[in-house]
Structure formats: C-alpha cells, structure tokens
Amino acid sequence: MNTTTDIDRSASYGFVAPGFEAVRNKLDSFLLDDQRYSVQLAAIWKGEVVVDLVGGPDLTSDSITGVYSVSKGVATVTLATLIADGRLDLDAPVTTYWPEFGAAGKQSVLVRELLSHQVGLVNVDGLLEPEDLFNSSRGASKLAASLPAWRPGSAFGYHAWTFGVLIEELHRRIAGESLQATYERDIRAPRDIDFYLGLPESQESRYRPTLPMEPTLEQQLEMETHRDPRDSLTTFAFNDMDNDSRLEVVLPNARAGRVAGYAASAGVGSARGIAQVYAATLGHLGDPVLDEATIAAISQEQISGIDRILNEQMAFAIGFIKPTQRIPYGSYRAFGHDGAGGALGFADPFHDLAFGYSPAPMQYPGGADARGVELSSVVRLCIQSHT
Amino acid sequence: MNTTTDIDRSASYGFVAPGFEAVRNKLDSFLLDDQRYSVQLAAIWKGEVVVDLVGGPDLTSDSITGVYSVSKGVATVTLATLIADGRLDLDAPVTTYWPEFGAAGKQSVLVRELLSHQVGLVNVDGLLEPEDLFNSSRGASKLAASLPAWRPGSAFGYHAWTFGVLIEELHRRIAGESLQATYERDIRAPRDIDFYLGLPESQESRYRPTLPMEPTLEQQLEMETHRDPRDSLTTFAFNDMDNDSRLEVVLPNARAGRVAGYAASAGVGSARGIAQVYAATLGHLGDPVLDEATIAAISQEQISGIDRILNEQMAFAIGFIKPTQRIPYGSYRAFGHDGAGGALGFADPFHDLAFGYSPAPMQYPGGADARGVELSSVVRLCIQSHT
Amino acid sequence: MNTTTDIDRSASYGFVAPGFEAVRNKLDSFLLDDQRYSVQLAAIWKGEVVVDLVGGPDLTSDSITGVYSVSKGVATVTLATLIADGRLDLDAPVTTYWPEFGAAGKQSVLVRELLSHQVGLVNVDGLLEPEDLFNSSRGASKLAASLPAWRPGSAFGYHAWTFGVLIEELHRRIAGESLQATYERDIRAPRDIDFYLGLPESQESRYRPTLPMEPTLEQQLEMETHRDPRDSLTTFAFNDMDNDSRLEVVLPNARAGRVAGYAASAGVGSARGIAQVYAATLGHLGDPVLDEATIAAISQEQISGIDRILNEQMAFAIGFIKPTQRIPYGSYRAFGHDGAGGALGFADPFHDLAFGYSPAPMQYPGGADARGVELSSVVRLCIQSHT
C-alpha cells in the first residue's frame, strides 16, 4: 500500500489566499472521494484572485476545455455591452432590431422575453443542422419564420441549442458584426482573458477534450426510467429525436466547433478564464465592461418556476440562470450560467465575487455539478467570515 | 381448469397492420392482467387504419359509449372550422363575438385564453343546473355576468363543466347555429364518422352504458385521504358541493343527455369514431376539415404548469390538452383530449397519426388511462420503426 | 396521580352554540395532546358568536397578543374601504396614486399586482431598518426607487416585511392619513373590536407576549437541513441576512412595536377580535365595512403557484391569502391571513362565517397552524350540517 501516492492523487495544487483554506479542504475532500474527478477552480474577490486550484488526473493549471452552456453567460455579457451603450433596449419588441422575427404571432415578443427562454422557439421543423449553427443567420431565418411551441410568455423552457442562434442574430443585427468578434475585440483581448468564443490556433495545444459522463449503474437505471419519449418537446428542444449526433461537429471537441465558438455551447477556456469574464463584468479587470445599471438590469430575474423543457425548477435572468433552492450557487444578486458537463461561472455583486469551475469528466446529470455549487458556497462563507 | 377460456378472455380481436403487432401484444397483456377490462382501440396512420382492436367482456366492435371530456376535443375541432374560414380570431377579445361576456373585469380576455382554461369561470353562484347545459345559452348568460375565481390569465384550471357552455356560446354567436349542428353537417355526416355530439335514435341500440369506476380498497383509501374539502375551488368546479347528482341527466348514460350531446361531456362514439374525427382533422377522411395553419394555431401550447383545479401538471392548447411528462400521450405536436373514464383521442401531425381509445369500466383515477397512454406510445414506436 | 388536574389542563372553556360541540371536542383533543398548547378560538356565523373558547396555560379569555401577519389582513380590510368608496381602483397603475413608485421599470405595475405580492420589492439594498417601518414613508421612498428582484408580474413571493410599507404608503397617499388612523376611527372604535393596529396604553395590561417556537429535535434537524443560504432571496426577503434582530423593536413584543402597529406584523388582539374584524367586513357588526362588490373584488384570487420566497404552494387575493390544498382554511370564497406564530383570521362569504384563532407558543413551522386549519374545517362542517 502506497499512502504517499494516495495523498498525491487526492490533493489539489495551486493558490488560495489566507482565509480561503476551507475551499481547498472541501475540494481535496472531493478529490479524495472520487479518483476519476479532475477540476479547475478559480475565484476573484474584490479584484484579487483568492482561489486558483487544480486537481485530478485530467486537467492541469494550463488546460483549457469545452464548458458548453457556460458559453451562454459569456455571450450574454457580450450582448449586454449593447445595452450599456444604449443600442439595445430590453423592453423593445425583438422586431425593432430584427423585423423578420415578427412572423407567426411573435410581433409583440420583447427582447427581455427572448433572452430569458420565454419565446418557445426551442427548435425548427426538421431539426437543426450544423449549418444552422455554424452560420447562425441561417438558423435565425428558420426560427424567425417559426410558430413557437408555446404562446410566448405563457411558459419558459431552456432553449438549449437555439439560444445561441437567437442571441447571435440579435447581436449581429445591432452591432453589424458577430458576437464572437465583439467579444474578442472588446472583452477578451484587452484583458487577456483565458476564455474563447472561437479558439485560435495558438491555443490548440492546450485543449483537453471533454470526457463523456460516467453514470453509475444506478444512475443509468434512473435515467432510463425517466427518459422522455423520443418525440417529446424536451427531446425536440435537445435536437435529439433521431438519437443521432449530427450537431457534434459544432461542439468544442470538434476542431471546427471550437473554432466557430457557437455562443450556446462551444466556448473554450479555463476556470480562471471563466472567473475573469465575470470579474471583468464587475469592473475588476481592465476598464469596466458594464455599468451598474446594466448589471442590475441583466441580473434581474425574468421568470421562474418549472422549466417546460428541463422539467425542473429554474429561474432565468437576461441570458443567465439565477440561483434557486435547487441550484443555490450564489446570492440573490448573482448571475451566471452552468454547462452540460457541470462547469459553472458567475458574478455575484453582493459579494463582489467572480467564480469559475470546470470539472472532468462531464458530470451526471448535466448542468451545474453539485460539487461546484458547494464549492461556491464555501467561497461565499469564507467571504462572509472575512468581513 | 379451462385454459382455452382463459386465453379467449385475455385476447383482443380485430385488425392490426403489419408492423403494428406489438400494439396487439401490449393490449393483450392488459386484458390478461385484468379480466374486468374492456377496450376499443383504433389508430389511423397516413390515412390508413393500422389498428382496430376490441377486447374484454363489455365492449364489442360495434359498441358505442360515452367518453365524457373526449367530447371537448371534438367540440374544439368543430369550433376551429370557424378559425379556418376566418370568422374567429384567437387573438380577439371574447367580447368581439359575445359582448355581454365583458362584465366583471373580463373585457380584455382573449379567445385563446377562454379556450385554454385560463379565464377562471369554473362554475356559477349557486352551482350549475341541468338547464344551464341543456340550454347552454342560459348557462352562458350566467357565466358572462360572473366574476372569475381568479384574475383571468393569472392561473389556469380545468373548466370541467363550463368549457362546454363557453365553447357552445362562442360558436353559436359566430356561426348562428349550435356547435352540434355544425359538427353533424360539416364534419360527421359527410365522412360517416362514428362519433356523435347528439346521438340519433338510429344508433341507440348500439349504446353501452359507461360502468362506474371500481377503485381498489387501496385506491379508495388514497382518494379519501386526498379528498378536497366540500367547499373548495376544485369541488366547486366539479359542481360537487352538495355531493348530489343533479347533472347526471346531462351525461351520456341518460338518454336526454346523449341526445343533447353537451360539448363538455356528452359525446358518444366508438374508439374508431374518435380516431376518425382526428383523421379528418389531419385531412385523411374526405375533404380536409382544417388547413395546416389552423392546426398549428390550435395545437400550440397556450399554458402549462400546475392546474389550479386538478392540482396536477397540465398543459393546454386551444381546447385540447398537450402531452406532458405526466400524460405523455403523443409527440410535441400532438393535440387531443382525455375523458373522465379513461378514454383518449388525439391527432399527432408529427407522426401523421390519429388515435382513439375507450376503456370500460371507467378507470380510476379519472382522466387519461395509463394503459391508453402506453398503447399510444407503442403505436408511435411502431411508426418510428416503420420509417 | 391527579386525574382531575389532567382533565382541567386539557379542557377548553367558554361558549359553543348548539350544533358546534364538535369544535370544542376537537379543540380539547388538541389540548390533551399537547400540554404546552394554549389557544383562543372564535367563530361568528351569520352575525352570531357560535364559538368563543380558550384553553391552555398561557392565554385567558381576556388576553390579547401579537398575531404577526394576521395584521396584513386587517390592513387590507382598511385599505379596501378606499375601494368601496371609489377612491382606489385596483386596475390603476400604482403611479396614479404614488408617482415616485414608477422608477426602475415599475411604471406599469397595477395596484392589484402590488397588493398580491407580485411586484418583487421584497427588501431594500442594505436591508430594512426599524426607522423604515416605524416611519413607513421612509421605507416607501427606498422601495419606490428600487429595482424589483424579479420582473413585476413574472413571479410572486411573500413580501413578509415590505407589504406593510407598501400598503401603508398607498393608503396614506389616497386617504391623507395613516392606515392605522383610518382603521381605528372607521372600523375598530365604532364596533369596539378587540384587535388593534397600534395598541393604546389602556390595553397594555392585557398583553401577553408571544412565546418562541419550541421545535422538536427532529424539526430542528429538518430546519437545519433545508435552511436557505444566508445570501438567498428568501433570506433577503425576511431581512435575515445578518442573522440579527434589528427589526424586533418593530414587533409586538416590544412596547414601541405594538404602539406603532406596523401593518405587516405588529397588530395585537384576541381571537375574538380577529373574528370581529372579519364579521364587520361581512356586515355583521355595526354598519357594513365593505359592500359586496368590494368583497368580491378583494377576495378574487390574483396569483397562485409556488411562492418564490416561501418556496411553497400559495395563492394570494388582494392582500389576503386564499385557501389552497396546502392551507385549506376556508371555502373557495374565503379571504384571510395567517401569522408567523400560527394565528389565523378569515371571512368566508360562502358560509357567512368569520373566524379567529390564536395559539401559544408560536407554532413550528411558521404560518397557519395545522390545528387552526383543522378547527376551521370542523366549524365549516358544523355549519354545513346545520343547514
């Protein structure tokens, strides 16, 4: 028996500031419990990095990986720069910026409804194709013509794939360039943020592919039992009716996918990079990306209840998820987003905190990993003890 | 021991097309499990009858019986012909067609809200009387004057009885004749559909009375435990406050009831007839009853969540129920209705399928029988394997 | 063993009218089960006192005590007098009466939304201070400037503290005097009602302090397990982020608190007094306080579902809670309010009943005590047997 090796495997390495030791202890306990678990964790408090840890067999401090829907939060920060400079009004009808969107009873849908998963455009007839996402104007044209699955505003449900098409098109109509271009030029490059919507060749060697979920037998049985029918609205929204993998080429594990950096799902970065995006949002990394009024506007909860697609309790702000009893990732003022594999990023103005978390392999079930949420709780408790 | 008799009792007879044998097998397994169970089952796929089965002691292929709220779906198909020919606009206030309806804060209620159980007119002060349903204009006059139980649009809840009054009055105001007359002349008669809103004398000999539920002791105890107070909103909506049976004369087991064919609850037919109505809706039986745009409009989900009356997860389209995780009867494009005794009818444009199911005795608890839902699932899987 | 003493301890005393003996029996069974339980119970049916009982070690027939949010119901009855005389329109924007309220995206919030916990103003930045409630115009000024926690109308959640600020300010803007002054002059004094919003010195000697909850060990563990994070929206709404007790001076156990009679939480009275308020509302104590149309308007359900703050099923009328499956305290026409310690008051026009209940010590968990709800059920069953 080699105790030393056991200890190595179960210990994270990196930096924690004084007063945040409990974060490392909690992370180490997770590593000890699960030898397959790898993780990057970063927290920036009042502009200072207070946690920057890594552990486990599959990620190093230098790794970047795909964090799926965490990208939606980064995309929303980018779009919000148009709110901050007065070019986008959340209370305007979408048609103000995108006239074709008004077809099929959508004339009065507001921008704030579109961006909070209330419009019901969860897919297109015949299902989305890669070209609809690589060239999201093509997808946008299909969605603009579509009748929503529900009367807009009568329900909300996670637009897992189409959120990217919708936010990219809205951005392009107003900014006259792609959301990715704005992000790179105005947000990422000036601050050297380690998170990419469109991964450049220079960073390719750092990319670690996401690893598939490894559900336990018990979890597989539970999943099988609760599986939605192949023709359900949820299956439709996840573009999963044919059980095929046609959209995999748009995802980060495909080179073309991470180059395109589709706003709903194909962002690539480190946990540090995720935290940097949100620190920039709070004004703690270079020039402030957003003013306080814009932060307040985009982090206001827009809708809550049982998500019609996820069939779980959810609450959405503008583009972001809000903390709920089910996912208590931050204070009532927090705004952020989780990803399919368990990654999580958020800003929390109440605590002046930016947070990034990225696990491997992908965690079952999808969405915010319980360990990431618990780590965010420990970070916040450390802050509260500090002050 | 007479094995032969056992086998006979547990086997359905009738027709299944090649590729649909699994439907018969599933149905036979249900018959084997429960010797009191009788059933009619019909499915029409791309205009062809692919399933037409019957089994059990109480129904024959020729039987027709009362299927309660399945009638609401048939009534909605009828009303939808007014949408198709441009006489009814779902986005108009109800008062456009029915000015008196505007009393007591209902001026801005839209037709689409009225038809999706959102208006809150679940009963009238003093409870509904048979005359309010036999002559639904009388009931409509009372409802038009009423303050809704909830602020219209703030909730939704099954208008178990009053849906018929409301849809009949709306139809009459626009069409200038009863909904039943339109159904008979424009939909049923030209296609010889075996489903009646108003049963003619000529069909009387085919009528098999519905048989009361036979809950197990365990189910009775559960029912007793969860019973709503006698003065609750749910009890009010079901007109059940006095625990009396005053409305039984309007129901199909009463001769007067099935002659009147009250749109909420008194339709009579076979499972084949139910499937025929929906096949006609999809354009597979004579001239198309509805165009595609109208089908899309009426099958769009209008509201979902916890039904304020049923206290269960529900989703409503225009007049129809939508599939949910609780009642996954069809694809996300399906529209249909269940009935108190367990019957179920729907059209599913995604599968080009029309479906009818009618069990006996009435199943506990009320609403879509789990066996009917499972049979619809097998039918859809057979179609998906086919293609 | 002293059997006589046991019997005394477990028996209520006071009055029950013929036909209501079952109420006393039920109450006595509760007293027998729990020797720490004290209680006042009153019911007025068709204007006659039919139940006036007291029991247990801590309350006498003459006691008055703090009943926390039961005060919200009394405050709403007071405000409703402005509806009855045409000075307040539930369908008007709040800004009609309170222009400053329109800041931060609240221009179109309706009075009916404000009064049914839909506006999302659950606290102020930096938390409420006693001065914000003692002088609720100060609190109102802060709330008027605030961005709501959720988009108004997109959710609802119990405004535990701020409801008082909001209703007091709205009342003051229209009436030109405090809500407490109107209540005392127009409702309480003319009818000698034993319930006070602002307790006079003359009644001080009758005041019995509320006694803290005594959760069992099992309840404490459950509470600990389900405790919301210290930075959650729920904790924020309860002004409990610092886990301090800064608002205790506004509560009835503080002399200053009961003198001020803050409308959200500091009313003081007997169960008889609570029932008298509601009897007056129904026109059974002096001149009718409200006309029937106003009663219908304020008791109409405005919103229902999962409360975003309480994370429980709730339904709100104008200012009042409505009966639900979770709290089935009255008929579908009932309107009333519970309080943190378990007290309950309501009017039920369907039964022509007014009801007051006040237990001690405060019951765990907060809100309507299950025993009070069950006693209301027995009262209603006695009435239904009577008729």
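If you're wondering where the values come from, they're calculated on a predicted model, not measured in any experiment. The chains referred to below are lettered A, B, ... by the order of the sequence lines, with proteins before strands, and numbering in each begins at 1.
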Output the distance between atom [atom1] ([X]) and atom [atom2] ([Y]), rounded to the nearest 0.5 Å.
{"X": "B/Ser154", "Y": "C/Phe316", "atom1": "OG", "atom2": "CZ", "result": "13.0 Å"}
{"X": "B/Leu233", "Y": "C/Gln325", "atom1": "CG", "atom2": "CD", "result": "10.5 Å"}
{"X": "B/Thr235", "Y": "C/Tyr332", "atom1": "OG1", "atom2": "OH", "result": "10.5 Å"}

Inter-chain contacts: residues 300-313 of chain C against chain B, heavy atoms under 4.5 Å:
C/Gln300, C/Glu301, C/Gln302, C/Ile303, C/Ser304, C/Gln313
Atom pairs and distances, donor-acceptor, side-chain atoms in residues 143-152 of chain B, under 3.5 Å, two or more places apart:
unit_1, atom_1, unit_2, atom_2, d
B/Ser146, OG, B/Lys142, O, 2.8
B/Trp150, NE1, B/Gln118, O, 3.0
B/Trp150, NE1, B/Ala155, O, 3.2

Could you pull out all residues at least two apart from C/Glu292 that satisfy side-chain hydrogen bond (donor to acceptor under 3.5 Å, both in side chains)?
none
Below 4.5 Å from any heavy atom of chain B, which atoms of C/Ala334 appear? Answer side chain, backbone, both or neither.
neither
Apply salt bridge (Lys or Arg N to Asp or Glu O under 4.0 Å) to B/Asp231 and list each qualifying residue two or more places apart in sequence or on a separate chain.
C/Arg380
Option that, when pairs with chain B are counted at under 4.5 Å, heavy atom only, ranks first among C/Pro328, C/Ser331, C/Ala293, C/Ala296:
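So the answer, after comparing C/Pro328, C/Ser331, C/Ala293, C/Ala296, is C/Ser331.
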